[in-house]
There are 2 protein chains.
Amino acid sequence: MTDLKSWVASANGDTDFPIQNLPYGVFDDGRGARMGVAIGDQILDLGAVDHGLDAALFAEPAWNRVMEAGPQLWADLRARLSELLSNEAHRAAVEPHLVAQSQAKMLMPFRVAEYTDFYAGKNHAMNVGTIFRGAENALPANWLSIPIGYNGRASSVVVSGTPVTRPLGQVKGPNDELPRFAPSARFDIELEFGAIVGQPSQGMISVAQADEMIFGYVLLNDWSARDIQAWEYVPLGPFQGKATATTISPWIVTKAALEPFRVATPERERPLLPYLSEPGPMNYDISLEVALQPQDGTEAVISHTNTRELYYSAAQQLAHHTSSGCAMRVGDLLGSGTISGVTPDSRGSLLEMSWSGKEPLELPDGTTRSFIEDGDTLTLRGAAQGTGYRIGFGDCAGQILPAADLPDWAK
Amino acid sequence: MTDLKSWVASANGDTDFPIQNLPYGVFDDGRGARMGVAIGDQILDLGAVDHGLDAALFAEPAWNRVMEAGPQLWADLRARLSELLSNEAHRAAVEPHLVAQSQAKMLMPFRVAEYTDFYAGKNHAMNVGTIFRGAENALPANWLSIPIGYNGRASSVVVSGTPVTRPLGQVKGPNDELPRFAPSARFDIELEFGAIVGQPSQGMISVAQADEMIFGYVLLNDWSARDIQAWEYVPLGPFQGKATATTISPWIVTKAALEPFRVATPERERPLLPYLSEPGPMNYDISLEVALQPQDGTEAVISHTNTRELYYSAAQQLAHHTSSGCAMRVGDLLGSGTISGVTPDSRGSLLEMSWSGKEPLELPDGTTRSFIEDGDTLTLRGAAQGTGYRIGFGDCAGQILPAADLPDWAK
């Protein structure tokens, strides 16, 4: 497997998309939205190529039908694509259906049924807790027992490349008597790992069942307006501060492609209840980075971390999600929560990197950042490093546009 | 309008469904799920009767397509149905398409896109705040400025009559060192008013625009496991404690039917930001009640209140929901939050009625209730009283079944 090569030359060099990856997306090269698989710097058009599978699975530009078809189909499709793209014998039939990624615009790869955001990064929870409540009360009492999560807004999920307009909202300074309605001045990223639920469930499921239900993973940036959130979130949690946009990377990296990179979650600091116990390694070893590019400026990588930092795996999050009897649906998206390492250069949000604005970041162009400025492009990247290849996710990027003018009725 | 009568005799007597109501549902009388309108004790089968409107609107058993068609179609449909069911000239053609409600099972009337739950009842917020934080800190600092809301789980929404299984979950007593995984011992109702979004939006909208987007209303019971919620909700809000089920009444009462019952929201205790100002009366005068029937026992009405108690209207909630740029979709459901009056006999949850178990309710059969017991059926009812008729919602009911046994992997 490690030595497998593709007849697509660009898949064998420095690429996120070698034959070992085969991630799934939806693209449009000007001839309409279609489903495709990335290989090197190309996309194989799955509606056009003869792969021998039911054409109805590829009739609408979204991966939901393939997910619904279930794990055996997932395995059959991956095996068939691997054969088609590695065996020279298929080249003549397949090559006409390759589209250059440079000629294609990537679209949302699936219809998001519902979106849930977790809080499974312990260093992030510690950092945020320390900033807002002090080091002695940093971690909520339930944190070591519950993969804490809250429901987000599925309609806000967009694909990488979609511009994000700075939100308006209610903000109130600590010394203000009343809130104002104004553009967010503390607009931020959250570096997360997103799991896509590929099979439905009714009733409570185990961690092992949850792992089987997951179709694949994406990088996820849960844009967060810290000032809106700070004023609104007591007592029912984040709402409009998290509803502007959540950006995902365009390629669904399958669970199958990530199998070689499974690792155990960190050692438990408090015993978990049995329903959250893991039957095997459920975490992944994926390097992550955050880059910031000012308008007309040079991109700088401002953080490096790894999905290993997650205290709870996506399978644990999903099992907990069903514990009250909550039904899960094909296309549900679970954000991991912000992933931060221990060191300052491995934090997954500007809130943490700038320590709530007290220690602004210095960029190579001499400017500083406490939070995102208009025109900035923020990009998440991630890859699992194999021997001789890497499983990459592609960019998860968005540029921030200035806030809209207040409409007359809001003045 | 007030004097209008139907040739369906049962629509002119003591009924929730006179010709002035015409609420929309989905029913199955053994011949498949279809869309219908309630009239007296009958349902008019809208896929069968000749109403002159596009048959495609009624081709699948859900009201989403009608919603998508927009306000002019909503008005045309209502006018046409009123004519067909009031003018004797249509009787011969229409009557064969009536189905007795007693012969039909009601199904979910629409596909829920996303579900959001608000917290717009001030007496409820005061009661809950007093129970948990004391009278001096009862109302959160933001409450008088923000229609506080959080995202719920659309997959948990069920139609009246669906049994609800008592959830399992993490619970922890105040003196316990660690949580247990156990059936909820504090399972509760929340008496709410649900608004259905019938038109999409992108970007921020005004309260006036929000009101135009609302298609209709239902009664809503947001079943709540208080013990699960208490342990999980800090800092990101309710999650599994609210994910077991949310029951809605089966008939969508249209905004048009409720026009005569518009009233202003209560006087503001703190000025609202302009984006939340109401251009006219956006609240409704609808009497509400909660009934509890023990297994094999007699039903007792345990509370009476009114939607007038809501401090924020559904239109204000919806406008706020879009303030950060959050897109809304056809089929979004907004729960109002629990509606409680000022007096003890007008509270909208057992948590409040029993004052967190300190003052258990006495039922006519001599038993008491702090929270729901297995076998209990809880029913919400509501109606707006016109002159000579009432606009009713039908029952919003659910019986609680015992918790499932713990699976081996959770022991």
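The sequence lines fix the lettering, A, B, ..., with proteins before strands; numbering per chain opens at 1. Bear in mind that the values here come from a model prediction, so they are computed numbers and not experimental data.
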Q | Among A:Ile148, A:Ile146, A:Thr244, A:Thr322, residue most engaged with chain B (heavy-atom pairs, under 4.5 Å) | A | A:Ile146
Q: Indicate whether any N or O donor in one side chain lies under 3.5 Å from an N or O acceptor in the other, for B:Gln229 and B:Ser224.
A: no
Q) Can you say whether the rings of A:Trp143 and A:Tyr312 are parallel (under 30°), tilted (30 to 60°) or perpendicular (over 60°)? A) tilted
Q: Let me know if B:Leu178 has heavy atoms under 4.5 Å from chain A in its side chain, its backbone, both or neither.
A: side chain
Q) Taking only residues two or more places apart in sequence or in another chain, which ones pass side chain to side chain donor-acceptor pair (under 3.5 Å) with B:Arg226? A) B:Asp188, B:Glu190
Q: Select one option (side chain, backbone, both, neither) describing which atoms of A:Leu272 are under 4.5 Å from chain B's heavy atoms.
A: neither
Q | Contact winner vs chain B - A:Ala113, A:Ser277, A:Ala141, heavy-atom pairs under 4.5 Å | A | A:Ala141
Q | Toward chain A, the part of B:Ser206 with a non-hydrogen atom under 4.5 Å | A | both
Q. Who pairs with B:Tyr275 by side chain to side chain donor-acceptor pair (under 3.5 Å), at least two apart in sequence or on another chain?
A. A:Gln170, B:His320
Q: Measure distances from B:Gln202 to the heavy atoms of chain A and classify the residue's part below 4.5 Å as side chain, backbone, both or neither.
A: neither
Q: For residues A:Tyr311 and A:Phe118, establish whether the separation of their ring centroids is below 6.0 Å.
A: no
Q. Among residues 399-411 of chain B, which residues come closer than 4.5 Å to chain A, judged by heavy atom distances?
A. B:Pro407, B:Trp409, B:Ala410, B:Lys411
Q) Between the main-chain N or O of A:Val234 and the side-chain N or O of B:Asn142, is there a donor-acceptor pair closer than 3.5 Å? A) yes
Q | Which residues share a side chain to side chain donor-acceptor pair (under 3.5 Å) with A:Gln317, sequence neighbours left out | A | none
Q) In terms of heavy-atom pairs under 4.5 Å, which option from B:Gly149, B:Pro167, B:Pro238, B:Ser156 contacts chain A the most? A) B:Gly149
**Q.** Salt-bridge criterion met for A:Arg153 and B:Asp332 (N-O under 4.0 Å)
**A.** yes
